[in-house]
Number of protein chains: 2
Amino acid sequence: MTQDGRLARGNESRRRILERAMATASQDGLEALSIGRLATDLGVSKSGVFAHFGSKEELQAAVIRAAGAVFAREVIAPGLNLPPGLPRLLGLCDGWLDYSQRRVFPGGCFFYAAGAEFDARPGRIRDLLADARRDWLRLCAQTVTDARHLGELTEAADPVQVAFELDALACAANSTALLLDEPLAYERARAGIRDRLRALATRPDSVP
Amino acid sequence: MTQDGRLARGNESRRRILERAMATASQDGLEALSIGRLATDLGVSKSGVFAHFGSKEELQAAVIRAAGAVFAREVIAPGLNLPPGLPRLLGLCDGWLDYSQRRVFPGGCFFYAAGAEFDARPGRIRDLLADARRDWLRLCAQTVTDARHLGELTEAADPVQVAFELDALACAANSTALLLDEPLAYERARAGIRDRLRALATRPDSVP
DNA sequence: GGATCATACGAACGTTCGTTCATAAAAGCG
DNA sequence: CGCTTTTATGAACGAACGTTCGTATGATCC
């Protein structure tokens with residue numbers, strides 16, 4: 001019963017559409033996504049693309065969900081594979097910088113681009129992007145908390161503050177590398193992150 | 001001869017258009033700027049607005065120029081009014097955070113929004129935004145250099161690196177305050193900036 | 001006062017946008 | 001086999017887009 005070739009074909013089409021949509025949205029923005037252009041690029045009909053989502057906003061929401069899955073696979077999962085605490089924190093930061101630098105999305109971090117685009121436009125799309133960002137910051141802060149409990153970071157390290165600062169450095173690398181075409185920015189972020197963590201570590205030389 | 005009422009009226013119209021355009025562009029993006037909507041909002045004709053610029057790209061460029069003047073007046077000038085070195089560096093950072101927090105532009109920092117929108121779209125607009133960003137980072141780095149020469153910061157403070165890190169914290173505040181509706185982010189950035197500068201200062205208690 | 005200039009207008013152009021709908025093609029199921 | 005379900009198509013819709021053009025309104029200048 002679960003072997004319906006029609007559904008399988010439909011899911012594959014949907015996947016192809018979202019793949020392309022994520023790429024163009026990371027470069028040109030979620031609002032610049034156009035159903036017609038998407039259809040032309042993929043060599044299918046406009047109404048065919050439309051039918052998969054029912055509205056442009058639903059397409060945008062689906063793109064955000066798909067990008068979240070990519071982010072989970074490329075950044076979160078490898079990080080969670082590392083031991084909790086400081087190694088995981090460093091792994092998450094480096095994983096994020098790699099994900100931006102490798103251009104998993106051609107326009108750099110999808111959520112940086114989309115977040116900046118919708119941060120002043122109330123609505124469902126903004127809420128979804130805010131949720132994604134909150135999740136990421138929460139994970140970072142929780143990992144700082146773990147590191148404190150493990151005695152790797154001093155009690156002076158406020159988890160929310162540290163998460164804010166590490167994320168700030170990573171985002172700045174993404175932004176600078178893209179806008180100023182300056183790949184060195186990634187090294188600056190890595191240096192800044194290590195500097196910051198060393199200053200908060202109980203054993204500074206434990207930060208590679 | 002310089003008293004041409006026609007030119008004066010034209011310049012005033014242009015000014016009103018750009019004022020409105022900067023505000024909507026900071027919220028909805030430079031590409032979402034629409035000549036028709038701009039005209040409707042201002043109660044004038046579409047072709048009247050168009051005639052002032054000749055093309056949409058020229059309008060976008062003019063908006064960037066106008067936003068640069070606002071930034072110079074609101075952030076740069078007050079900063080340059082302070083004594084060079086550490087006080088000016090702190091003044092520039094606080095001035096930037098104030099400018100974002102006061103919502104001089106309703107969508108937060110104009111250049112953060114526009115930069116993120118065009119960082120992956122080659123062309124004249126991207127180049128103008130890259131220039132603006134480079135100028136800002138250069139000013140910050142130069143001020144760090146001054147502080148070093150004045151003996152306020154240690155030789156370990158790499159001007160470009162410090163500028164990168166301070167700007168990163170400020171941008172993260174703008175982004176977090178807007179997307180997550182979290183004004184506390186500005187305090188986090190202020191704390192992070194002071195922390196960072198104290199660590200690099202020859203007299204740490206000289207950082208208020 | 002008449003010629004000249006810049007500003008603003010209204011109508012129209014061709015395109016693209018998101019969306020709707022009737023219909024064809026193909027796969028599963030009785 | 002027919003009947004249903006799912007995917008995909010092509011034609012068409014009204015609205016908005018950037019842009020062009022001919023024209024009207026006044027202020028400036030000779």
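This is a predicted model, so every value here is computed, not measured. Throughout, a chain's letter reflects where its sequence line sits, starting with A, and its residues are numbered from 1.
- Checked against side chain to side chain contact (heavy atoms under 4.5 Å, CB included), B:R16 has the following partners two or more places apart in sequence or in another chain: B:E12, B:L42.
- Partners of B:F110 by ring pair (Phe, Tyr, Trp, His ring centres under 6.0 Å), not counting sequence neighbours, listed by chain and number: B:F105.
- Rounded to an integer number of Å, the gap from A:N11 CG to D:dT7 P is 8 Å.
- Taking CZ of A:F118 as the reference point, atom CG of B:D28 lies at 9.5 Å (rounded to 0.5 Å).
- Going from atom CG of A:L150 over to atom CG of A:L86 covers 9.5 Å, rounded to the nearest 0.5 Å.
- The end-to-end axis angle of the helix from C:dG1-D:dC30 to C:dG30-D:dC1, rounded to 10 degrees and based on five pairs per end, is 0°.
- Taking 4.0 Å as the cut-off between side-chain N and carboxylate O, B:R124 and B:D127 do not count as a salt-bridged pair.
- Between the P atom of C:dA6 and the CZ atom of B:R9 lies a distance of 13 Å, rounded to the nearest Å.
- A:L33 comes within 4.0 angstrom of sugar-phosphate atoms only, judged by non-hydrogen atoms across all strands, and of no base.
- Ion pair B:D98/B:R190 flagged as a salt bridge, since at least one NZ, NE, NH1 or NH2 atom sits closer than 4.0 Å to an Asp/Glu carboxylate oxygen.
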Please set out all donor-acceptor pairs under 3.5 angstrom arising from side-chain atoms of residues 68-83 of chain A, sequence neighbours excluded.
unit_1, atom_1, unit_2, atom_2, d
A:E74, OE1, A:R102, NH1, 3.3
A:E74, OE1, A:R102, NH2, 3.0

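- Listed by first then second residue, pairs satisfying side-chain hydrogen bond (donor to acceptor under 3.5 Å, both in side chains) with a partner in residues 157-171 of chain B read B:R133-B:D167, B:W136-B:D167, B:Q161-B:E165, B:E165-B:R196, not counting sequence neighbours.
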So which protein nitrogen or oxygen atoms get under 3.5 Å of nucleotides 19-24 of chain C's nitrogens or oxygens?
unit_1, atom_1, unit_2, atom_2, d
C:dT19, OP2, A:K56, N, 2.7

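- Phosphate proximity of D:dA8 to A:H52: present, with a side-chain N or O under 4.0 Å from OP1 or OP2.
- One interatomic measurement links the two molecules: CD of B:E12 to C1' of D:dG26, which rounds to 18 Å at whole-angstrom precision.
- Here A:S13 reaches the OP1 or OP2 of D:dA8: one of its side-chain N or O atoms lies under 4.0 Å away.
- If you measure from atom CG of B:L30 to atom C1' of D:dC17, you get 17 Å, rounded to the nearest angstrom.
- Taking atom CD on B:Q60 and atom C1' on D:dG18, their separation rounds to 11 Å, with Å as the unit.
- Following rounding to the nearest Å, B:E31 (CD) and C:dC17 (P) show an atom-to-atom distance of 12 Å.
- Contact detail for B:L30 and B:Q60: the closest heavy-atom pair is O-NE2, 3.0 Å.
- Of the candidate nucleotides C:dC9, D:dT9, C:dT7, D:dT9 has the atom lying nearest to any side-chain atom of A:S45.
- One interatomic measurement links the two molecules: CG of A:L38 to C1' of C:dG18, which rounds to 13 Å at whole-angstrom precision.
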